[in-house]
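Worksheet for the structure shown next.
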Amino acid sequence: MRVRFAPSPTGQLHVGNARTALFNWLLARGSEGGFILRIEDTDVERSTRESESAILRDLRWLGLDWDEGPDIGGPRGPYRQSERLHLYESYAKELLAAGDAYHCFCSIAQLDADRQAALAEGRPARYAGTCRRLSVEQAHARIEAGDRPAIRFRVPEGRDVVFEDVVRGEVRFHTDVIGDPVIVRADGSPAYNFAVVVDDALMEVTHVVRGEDHISNTPRQILLSEALGFTPPIFAHLALVMGPDHAPLSKRHGATSVAEFRSKGYLPEALVNYLALIGWSPGGGVELLPVDELARRFSLDAVGLSAGVFDEEKLAWVNRHYLKMADPLRIAELSVPYFIQAGVKMSPDHRGLEFLASAMVMATSSVDRLDQVPARLSVLFDYAAERALADASVREEMQAPRARAVVVALAGALAQAPRLDRERFRAMAAQVKTETGEKGRTLFHPIRVALTGRAEGPELDLAIPAVDRGADLPRSAGVPAILGCRERAAAFLRVLV
RNA sequence: GUCCCCAUCGUCCAGAGGCCUAGGACGUGGCCCUUUCAAGGCCAAAACCCGGGUUCGAAUCCCGGUGGGGACGCCA
């Protein structure tokens, strides 16, 4: 089995296309198959190298590696259509010579007018066939006179094109509703329907798995394939991915590109796992599976037929799962840009990263995305006694005698104390408890506000030791200075009185 | 307009004629856990688009309608 993903480099990799790429990849990896990446850059106007490298980058980020492609080459290359022009040219000549293609001199304006007229009369809006009956001699005469024709494929009349779609079953089109497609433009560049057929055949692609938007191109491609003497590949058309309003996923629904989801702080394994769940089910009542397991279970005939709505809430749930599973050191590294973005300047070395990693469970146990990590860990870098009391109701609460007594006892207990680890923190809390007679919320809430600077946040058992571990970090670790609990308690008490 | 595809909880899936009193997951609501916010656990509400057939029996098969989507480019 040889499958391919064939994006045109005209913009960002969209999640819908990423899912198509994923399904192809799962198919290849689940069997002994090959996964080919081909760049369809025949539209010179819109294709850019920037888009191409962005798409490659996003696919790599997702972990969808390819066996043959523009960057690594392969036995059936080149893998950029712009580098295969000579091939298309020679096949076009073949078609012309056999009478399966003809020159078309119709102007764009003429074509538009024909289309409008057809629509107005309720006829299928297909090519009127104006140049179909031009003789070869007439055509040559016009070319010699300086006309620059396109080349069209001559679609056979009066027959059905039937193919067995792996996901949809038998699909049938009558050739009378198919207009003769342009296969080579007037400027000599190949058109999509032609280039794919040539490339899929030459690259020995066995299964074409692509979006449903290509289903009506399929009969043209089969016909072209037959005329060229190729055996058409097996086709599988995937239902499209929609936005919440059941309209095609677009900008107004928020993030749509893989790059946007990455920068919002979704993990690649989460996006991959979630994408696999749109239009397919791994079975067995489980949804959260590592990618190799997805590949092992994936099968085209288990793929659903109806369009799926992209649900970011569910993606977030999947992401939470992978955040919890992930190596904290990796999450620490990935979080650095988000800290910087949140205004926490840092360039941690290994000690800095290990410190962040040691605190990371506070964030990963409760957050949806990486971009929420800095806020959850703000207890570390963002302490200011004044600001802790800036909120009127918090201030009032802390100034109440019993809360104040807790703060006083806390500052006292900490004054001589060494840095707190979990056990020392518990012992210290117990000491404050016996000194003040407070317990539960009335004990811990003042401690929380005094030591973390806020009324809510991670468990103190986790946060307090993390703060004091951070307080001893040398500045060379590349992480902003962290005020220790002892200093925090003292500062807080000063501000409170 | 013409052609093609699709149709189970709000959403994603399971269901391939009796196992369906339609199952799971996300989300939602409630409860629990808890020193806070989250997270987590438990429970609950929530669907076979409509109408005709076929059949002893239909979410499952057929036809029609309706609704949604796609295509009809010298874009891919």
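Per chain, numbering begins at 1; letters A, B, ... match sequence-line order.
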* Structure fact -> The correct set of residues in residues 436-448 of chain A placing a heavy atom under 4.0 Å from RNA chain B is A/G440, A/R441, A/F444, A/R448
Go ahead and name the base partner of [N]; Watson-Crick or wobble counts if both distances stay under 3.5 Å, otherwise write none.
| N | value |
| --- | --- |
| B/G67 | B/C6 |
| B/G1 | B/C72 |
| B/C42 | B/G30 |
| B/G17 | none |
| B/A47 | none |
| B/A25 | B/U11 |

For [X], which contact category applies under a 4.0 Å heavy-atom criterion: base, sugar-phosphate, or nothing?
| X | value |
| --- | --- |
| A/T10 | nothing |
| A/G279 | sugar-phosphate |
| A/I151 | nothing |
| A/E459 | base |
| A/G457 | base |

Do [X] side-chain atoms and [Y] backbone N/O form a donor-acceptor pair below 3.5 Å?
| X | Y | result |
| --- | --- | --- |
| A/R38 | A/R80 | no |
| A/S257 | A/Q12 | no |
| A/T256 | A/L249 | no |
| A/R448 | A/R454 | no |

Work out how far the [atom1] atom of [N] is from that of [M], and round it to whole angstrom.
| N | M | atom1 | result |
| --- | --- | --- | --- |
| B/U60 | B/A22 | P | 15 Å |
| B/C33 | B/G69 | P | 48 Å |
| B/G15 | B/C20 | P | 14 Å |
| B/A25 | B/C42 | P | 9 Å |
| B/A47 | B/C9 | P | 9 Å |
| B/U11 | B/C50 | P | 15 Å |
| B/C74 | B/U66 | P | 32 Å |
| B/G51 | B/A58 | P | 14 Å |

* To do: Salt-bridge test for A/E89 and A/R84: reply yes if a basic N is under 4.0 Å from a carboxylate O, no otherwise.
  => no
* Look at A/R376 together with A/D368 and state whether they make a salt bridge at an N to O cut-off of under 4.0 Å. => no
* Does A/R454 make a side-chain donor-acceptor contact with the base of B/C37, cut-off 3.5 Å? -> no
* Test log, rule side chain to side chain contact (heavy atoms under 4.5 Å, CB included), inputs A/H103 and A/R142 -> CA-CA 10 Å; A/H103 292 284; A/R142 290 187 64 170; over 6 Å; no
Which whole-number value in Å describes the distance from [X] [atom1] to [N] [atom2]?
| X | N | atom1 | atom2 | answer |
| --- | --- | --- | --- | --- |
| A/L275 | B/C13 | CG | P | 12 Å |
| A/Q221 | B/A76 | CD | P | 12 Å |
| A/R426 | B/U35 | CZ | P | 11 Å |
| A/D200 | B/A76 | CG | C1' | 13 Å |
| A/L249 | B/C12 | CG | P | 13 Å |
| A/Q372 | B/C37 | CD | P | 18 Å |
| A/D165 | B/C5 | CG | P | 10 Å |
| A/W280 | B/C12 | CH2 | P | 17 Å |

* Asked: Under 3.5 Å, is there a donor-acceptor pair between the A/D114 and A/Q110 side chains?
  -> yes
* Asked: With distance as the sole criterion, is a donor-acceptor pair present between the side chains of A/R46 and A/S51 under 3.5 Å?
  -> no
* To do: Output the distance between atom CG (A/D100) and atom CZ (A/R152), rounded to the nearest 0.5 Å.
  => 16.0 Å
* Structure fact -> Rounding to 0.5 Å, atoms CZ (A/F153) and CG (A/L223) come to a distance of 5.0 Å
* Structure fact -> Assign each of A/T364 and A/H174 the nucleotide of RNA chain B bearing its closest heavy atom; nearer the 5' end lies the nucleotide of A/H174
* 5′-ward residue of the pair A/E456/A/G122 relative to RNA chain B -> A/G122
* Asked: Where the side chain of A/L305 is concerned, which of B/C12, B/A38, B/C6 is the nearest nucleotide?
  -> B/C6
* Asked: Can you check whether A/K433 has a side-chain N or O nearer than 4.0 Å to OP1 or OP2 of B/U35?
  -> no
* Are A/I55 and A/P7 close enough that some pair of their side-chain heavy atoms sits under 4.5 Å apart? -> yes
* Which parts of nucleotides 58-74 of chain B does protein reach within less than 4.0 Å, heavy atoms only, written one letter per nucleotide 5' to 3' as B for base, S for sugar-phosphate only and - for none? -> ----------SSSSBSB
* Structure fact -> When A/V467, A/L410, A/L414 are each screened for side-chain contact (heavy atoms from CB on, under 4.5 Å) with A/R488, the one that passes is A/V467
* Geometric class of the A/F261/A/F310 ring pair [parallel <30°, tilted 30-60°, perpendicular >60°] -> tilted
Is there any protein nitrogen or oxygen under 3.5 Å from a nitrogen or oxygen in nucleotides 24-28 of chain B, and what are the pairs?
{"from": "B/G24", "atom 1": "N2", "to": "A/E287", "atom 2": "OE2", "distance (Å)": "3.4"}
{"from": "B/A25", "atom 1": "O4'", "to": "A/E287", "atom 2": "OE1", "distance (Å)": "3.4"}
{"from": "B/A25", "atom 1": "O2'", "to": "A/E287", "atom 2": "OE1", "distance (Å)": "2.4"}
{"from": "B/A25", "atom 1": "O2'", "to": "A/K314", "atom 2": "NZ", "distance (Å)": "3.3"}
{"from": "B/A25", "atom 1": "N3", "to": "A/K314", "atom 2": "NZ", "distance (Å)": "3.2"}
{"from": "B/C26", "atom 1": "OP1", "to": "A/W317", "atom 2": "NE1", "distance (Å)": "3.3"}
{"from": "B/C26", "atom 1": "O2'", "to": "A/K314", "atom 2": "N", "distance (Å)": "3.3"}
{"from": "B/G27", "atom 1": "OP1", "to": "A/R320", "atom 2": "NH2", "distance (Å)": "3.0"}

* Asked: Stepwise, does the ring pair (Phe, Tyr, Trp, His ring centres under 6.0 Å) test hold for A/F23 with A/H207?
  -> CA-CA 12 Å; A/F23 280 22; A/H207 299 246; over 10 Å; no
